[in-house]
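Report on the following structure.
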Amino acid sequence: MRGFFITGTDTDVGKTFVTTCMLRTLIDKRIRATAYKPVQSGAQWKEGKWIAPDVDMYRKVIDITDEEGCTYILKTPCSPHLAAQIDGVTIEPERIVAHMQKLQQTYDFVLVEGAGGIAVPIVDESFLVAHLARSLSLPLIIVARASVGTINHTVLTVQYAKTFGLQIAGIVMNGFSTPKNEIEQDNIRMIETMTGVPVIGEIPHMTSVSDSDIVWREEWWR
Ligand SMILES: Nc1ncnc2c1ncn2[C@@H]1O[C@H](COP(=O)(O)OP(=O)(O)OP(=O)(O)O)[C@@H](O)[C@H]1O
Ligand SMILES: C[C@H](N)[C@H](N)CCCCCC(=O)O
Ligand SMILES: [Mg+2]
């Protein structure tokens with residue numbers, strides 16, 4: 001079984017969008033793939049129940065229920081540790097590991113999406129997204145914005161990941177202008193130079209998750 005843990009330089013950087021684009025690529029290559037959102041905060045009320053909006057996005061590409069694609073659905077749009085406290089839920093990392101093991105028995109490729117950025121508390125200050133990535137023993141993909149501000153955020157995220165001994169497979173930069181502007185072009189160069197981590201994908205601002213506009217600079221699916 002192969003897989004990646006998809007983290008980001010922040011919340012709202014496009015982890016779900018990029019995960020769904022990567023799923024699209026895997027499915028097009030006839031690879032038995034799925035995506036998994038262990039902890040969803042900021043649940044949405046839809047058709048009479050609370051749903052996981054990130055899993056709802058995955059459903060644009062794969063058939064997956066919330067029960068299959070998410071372990072904890074929490075109502076408040078905030079850090080999972082607080083959202084869980086507000087909902088009276090105790091997040092148990094071993095439940096997430098067990099959920100992932102079940103997916104690994106069925107699928108050949110699993111994309112796991114974190115929550116917010118890599119230093120976000122899942123349980124509390126002693127169990128963060130970084131700890132969860134380490135527990136699942138998956139290489140990281142870091143989703144980063146294409147625009148101004150991304151150099152600092154990305155360098156800090158890479159450095160923080162390295163303190164946890166996490167293997168970083170690559171960076172996917174998201175939300176480019178079409179065509180890329182001079183700042184965005186230099187952001188790619190400077191981020192690779194400063195982090196030593198390859199930018200393996202460039203995703204423009206798109207209206208859908210169609211594959212045609214994406215530049216994959218490495219064949220990460222192999
Ligand atoms: N390349 C893109 N083109 C167009 N829209 C995008 C792109 N990337 C992200 N978006 C949109 O930006 C918003 C935030 O993206 P997304 O939900 O993927 O962020 P996230 O990092 O997964 O956030 P969270 O931390 O809540 O999981 C969404 O509405 C998404 O559809
Ligand atoms: C609600 C949001 N969309 C994400 N699901 C959770 C983001 C947590 C961010 C915590 C923080 O960095 O302050
Ligand atoms: Mg998301």
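In each ligand, atom 1 is the first atom listed, and ligand 1 is the first ligand listed. Values reported hereafter were calculated over all heavy atoms of this structure, with side chains retained and with hydrogens, waters and symmetry mates removed.
The Mg ion (ligand 3) has no N, O or S atom of T11 under 2.8 Å away, backbone or side chain.
Nearest protein heavy-atom contact of atom 16 (P) of ligand 1 is G14 CA, 3.7 Å. Nearest protein heavy-atom neighbour of atom 9 (C) of ligand 1: F17 CB, 3.6 Å. At the top of the distance list for atom 12 (O) of ligand 2, counting protein heavy atoms only, stands V120 CG2, 3.6 Å. What sits closest to atom 4 (C) of ligand 1 on the protein, heavy atoms only, is M206 O, 2.9 Å. At the top of the distance list for atom 26 (O) of ligand 1, counting protein heavy atoms only, stands T11 OG1, 3.4 Å. Summary of contacts: the protein heavy atom closest to atom 20 (P) of ligand 1 is K15 N, 3.5 Å. Scanning the protein for heavy atoms near atom 12 (O) of ligand 1, the closest one is D12 O, 4.9 Å.
Contacts between C78 and ligand 2, counted as non-hydrogen atom pairs separated by less than 4.0 Å, involve the backbone only. The part of K37 lying near ligand 1 is the side chain, judged by heavy-atom distances below 4.0 Å. Of the heavy atoms in M57, none comes closer than 4.0 Å to ligand 1. At a heavy-atom cutoff of 4.0 Å, ligand 1 is contacted by the side chain of N174 but not by its backbone.
Close approach of ligand 1 to V13 (heavy-atom distance below 4.0 Å) involves ligand atoms 19 (O), 21 (O). Close approach of ligand 1 to E113 (heavy-atom distance below 4.0 Å) involves ligand atoms 22 (O), 27 (O). The distance from ligand 1 to the heavy atoms of I203 drops below 4.0 Å at these ligand atoms: 1 (N). Residue P77 has at least one heavy-atom neighbour below 4.0 Å for each of these atoms of ligand 2: 1 (C). Atoms of ligand 1 found under 4.0 Å from any heavy atom of D54 (numbered from 1 in listed order, with element): 27 (O). Taking every non-hydrogen atom of T11 and a distance limit under 4.0 Å, the qualifying atoms of ligand 2 come out as 2 (C), 3 (N), 4 (C), 7 (C).
Within a 4.0 Å radius of atom 3 (N) of ligand 2, the protein has at least one heavy atom. Per-atom contact check: atom 14 (C) of ligand 1 touches the protein, criterion being a heavy-atom distance below 4.0 Å. The presence of a protein heavy atom under 4.0 Å from atom 29 (O) of ligand 1 is ruled out.
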- Task: Test L138 against M1 for side chain to side chain contact (heavy atoms under 4.5 Å, CB included), laying out the working first.
- Result: CA-CA 11 Å; L138 291 171; M1 193 295 295; 4.2 Å; yes

Inset, instruction - Go through the steps for I118 and L140 under the test side chain to side chain contact (heavy atoms under 4.5 Å, CB included), then give the verdict. - result: CA-CA 10 Å; I118 194 165; L140 278 188; 3.8 Å; yes

- request: Test L74 against I86 for side chain to side chain contact (heavy atoms under 4.5 Å, CB included), laying out the working first.
  value: CA-CA 9 Å; L74 306 167; I86 292 167; over 6 Å; no

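Y58 and T34 form no side-chain donor-acceptor contact under 3.5 Å, judged by distance and modelled atom types alone.
Residue S41 has at least one nitrogen or oxygen atom sitting less than 3.5 Å from a nitrogen or oxygen atom of ligand 2, judged on distance alone. The shortest N or O to N or O distance between D10 and ligand 1 is not below 3.5 Å. The N/O atoms of A115, backbone and side chain alike, include none that comes under 3.5 Å of an N/O atom in ligand 1.
Minimum-distance N/O/S atom of E113 relative to the Mg ion (ligand 3): OE2. D54 has its closest N, O or S atom to the Mg ion (ligand 3) at the position named OD2.
Of the possible donor and acceptor atoms, none in the side chain of R24 sits under 3.5 Å from a partner among the backbone N and O of V61. With hydrogens and angles ignored, the 3.5 Å screen pairs no side-chain donor or acceptor of T150 with any backbone N or O of A146. At least one donor-acceptor pair closer than 3.5 Å links the side chain of T195 to the backbone N or O of V197. Under a 3.5 Å cut-off, the side chain of R2 and the backbone N or O of R222 do form a donor-acceptor pair. Proximity of a side-chain donor or acceptor of K75 to a complementary backbone N or O of A83 within less than 3.5 Å is not detected. Within the 3.5 Å criterion, the main-chain N or O of E68 finds a donor-acceptor partner in the side chain of T65.
Ligand 1 has at least one atom lying under 4.0 Å from a heavy atom of P204. Heavy atoms of G116 approach ligand 1 to within less than 4.0 angstrom.
Ion pairing of D66 with R59 is present here, as a side-chain N (NZ or NE/NH1/NH2) and a carboxylate O approach within less than 4.0 Å. Of the charged side-chain nitrogens involved, none lies within less than 4.0 Å of a carboxylate oxygen, so that K15 and D54 do not count as a salt-bridged pair. Between R217 and E192 there is a salt bridge, with a side-chain nitrogen of the basic residue lying less than 4.0 Å from a carboxylate oxygen of the acidic one.
Between P80 and Y72 there is no side-chain heavy-atom pair separated by less than 4.5 Å.
Relative orientation of the W220 and W216 rings is perpendicular, given thresholds of 30° and 60° on the angle between their planes.
The environment of E219 atom CD is dense: over 12 non-hydrogen atoms of other residues, nucleotides or ligands sit within 6.0 angstrom.
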